[in-house]
Amino acid sequence: MAKSRDVPPNQLDELRRNLDRLKLRAMLAHLDQALEDATTLEQGYIAFLANLVEREVLVRAEEATTRRMKSACFPTVKTFDTFDWAFQRTLNVQLVKDLMNLHFIDQGRPVLMLGKPGTGKSHLSLAYGALAANRGRSVRFVTAKKLLHELYASLADGSTEQLIGRLARVDLLIIDDLRHIPPRPEYATLLFDVIEARHLKKATMISSNLSVKQWGTVLGNPALTASLVDRLMERAYVLNIRRGRSYRTEGPDASPDRPPELDTDDEPAPS
């Protein structure tokens, strides 16, 4: 490898211009250091070029991950490293860890998390979302309430089809915290259309403190909701932690004066 001082200035300037034209910005930024390393380590041409290309690949991968994390709309970042595996004794830890291979995304299979408030459903959902984004999958995180409101609002300007189309293309759609909200007759149809557009093609993760039998009350159309649930349950993985302890009332940071959160749902969840 020629020493950097032996590279004609006009050639070096032309190289920089061409790297800029090709938008190889990481290679451009690392060029001087790569030339210095090549001189110090007496690298050959292939090693020099491989070093430059590797830097471009790494930077682009990091930028792509940053974009995916941003477009996912996570309210906060959670990971499995910060999850308290010992606290939730009723959690199927083996299933949680099996799902960390993300095969359910590749297979387009749903994941349902059922449990009373505070049992770690949102933490797990966010951790799966972050893991997926870091492994190259597109993710969208949205609360059930916000999603239903967005879908309902889209009816006013006729953008429903476009919105559902965008949701249908995401590798992993996480619908968090399906709970009791004032129902609208359109909710069931709108959410059904989203699930139908993703059925057997893309993975959908839904967390709820309600049993699936109660979803019809939330969505306002029990018959159509039953069809929605049928599609989800056809190939779903179910994490049932409805008998679990609440981190908010029993966790290490819980206030001793805080009253326990009630689990008003006595129906058994699917296993």
Side-chain angles (χ1 to χ4, degrees), residues 73 95 99 104-105 107-119 121-122 124-125 128-129 139-156 158-244 261-271:
C73 300
L95 178 56
L99 293 175
F104 73 95
I105 298 180
Q107 298 164 355
R109 297 182 63 171
V111 176
L112 305 183
M113 296 188 193
L114 306 175
K116 65 183 181 181
T119 49
K121 301 184 302 298
S122 292
L124 289 173
S125 296
Y128 280 119
V139 183
R140 171 74 195 281
F141 181 97
V142 62
T143 64
K145 181 179 180 180
K146 182 178 180 180
L147 176 62
L148 292 171
H149 287 177
E150 286 181 357
L151 289 165
Y152 182 75
S154 72
L155 295 172
S159 62
T160 306
E161 185 175 345
Q162 292 89 335
L163 175 56
I164 291 176
R166 290 196 298 273
L167 294 170
R169 291 190 292 272
V170 177
D171 293 329
L172 175 60
L173 175 63
I174 302 173
I175 304 174
D176 187 53
D177 198 19
L178 182 61
R179 60 168 69 188
H180 286 297
I181 57 175
R184 293 184 183 272
E186 296 86 356
Y187 281 171
T189 300
L190 292 166
L191 188 57
F192 177 88
D193 289 344
V194 172
I195 299 303
E196 179 70 8
R198 300 178 57 80
H199 184 52
L200 302 179
K201 296 187 288 289
K202 298 292 185 179
T204 304
M205 182 174 287
I206 301 179
S207 67
S208 178
N209 65 345
L210 307 173
S211 73
V212 293
K213 294 181 180 179
Q214 293 180 297
W215 290 6
T217 303
V218 175
L219 300 175
N221 187 329
L224 187 57
T225 302
S227 297
L228 181 156
V229 170
D230 283 344
R231 281 160 174 74
L232 288 172
M233 293 298 295
E234 181 179 347
R235 302 166 67 236
Y237 293 102
V238 180
L239 282 167
N240 181 359
I241 46 178
R242 289 179 44 227
R243 302 305 177 195
E261 299 183 37
L262 299 178
D263 181 10
T264 58
D265 179 13
D266 294 324
E267 298 179 19
S271 59

Can you name the nearest heavy-atom pair linking [X] to [Y], along with the distance?
X: Ser125; Y: Met113; result: OG-SD, 3.7 Å
X: Thr217; Y: Pro183; result: O-CB, 3.8 Å
X: Gln214; Y: His180; result: NE2-NE2, 4.5 Å
X: Leu178; Y: Ser208; result: O-OG, 2.6 Å
X: Lys121; Y: Lys116; result: NZ-O, 3.1 Å

Could you tell me if the side chain of [Y] sits less than 4.5 Å from the side chain of [X], heavy atoms only?
X: Leu191; Y: Trp215; result: no
X: Val194; Y: Leu163; result: no
X: Tyr187; Y: Ile181; result: yes
X: Leu219; Y: Leu148; result: yes
X: Val229; Y: Lys213; result: no

With rounding to the nearest 0.5 Å, note down the distance linking [atom1] in [X] to [atom2] in [Y].
X: Thr119; Y: Leu124; atom1: OG1; atom2: CG; value: 8.5 Å
X: Thr204; Y: Ile195; atom1: OG1; atom2: CD1; value: 4.5 Å
X: Leu224; Y: Thr189; atom1: CG; atom2: OG1; value: 5.0 Å
X: Leu151; Y: Ile164; atom1: CG; atom2: CD1; value: 6.0 Å
X: Ile174; Y: Ile206; atom1: CD1; atom2: CD1; value: 11.0 Å
X: Leu232; Y: Phe192; atom1: CG; atom2: CZ; value: 10.0 Å

(request) Assess whether side chain to side chain contact (heavy atoms under 4.5 Å, CB included) is satisfied between Val142 and Leu167, documenting all intermediate values. (result) CA-CA 11 Å; Val142 62; Leu167 294 170; 5.8 Å; no
(request) Measure the acute angle between the ring planes of Phe104 and Tyr128, then classify it against the limits of 30° and 60° as parallel, tilted or perpendicular. (result)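 Judged by the thresholds at 30° and 60°, the geometry between Phe104 and Tyr128 is perpendicular.
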(request) Using the salt bridge (Lys or Arg N to Asp or Glu O under 4.0 Å) rule, collect all pairs that involve residues 178-188, keeping only residues at least two apart or in two chains. (result)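 Residue pairs with at least one partner in residues 178-188: Asp177-Arg179.
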(request) Scan residues 187-204 for pairs that pass salt bridge (Lys or Arg N to Asp or Glu O under 4.0 Å), counting only residues two or more places apart or in two chains. (result) Asp171-Lys202, Glu196-Arg231
(message) We want to know whether Asp176 and Thr143 form a side-chain donor-acceptor pair, criterion being a heavy-atom distance below 3.5 angstrom.
(response)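 Looking only at side-chain atoms, Thr143 and Asp176 do not form any donor-acceptor pair under 3.5 Å.
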(request) Can you establish whether the number of heavy atoms outside Glu234 located under 6.0 Å from its atom CD is more than 12? (result)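 Enclosed: over 12 neighbouring heavy atoms sit under 6.0 Å from CD of Glu234.
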(message) Tell me every residue that passes side-chain hydrogen bond (donor to acceptor under 3.5 Å, both in side chains) with Arg166, counting only those two or more places apart in sequence or in another chain.
(response) none
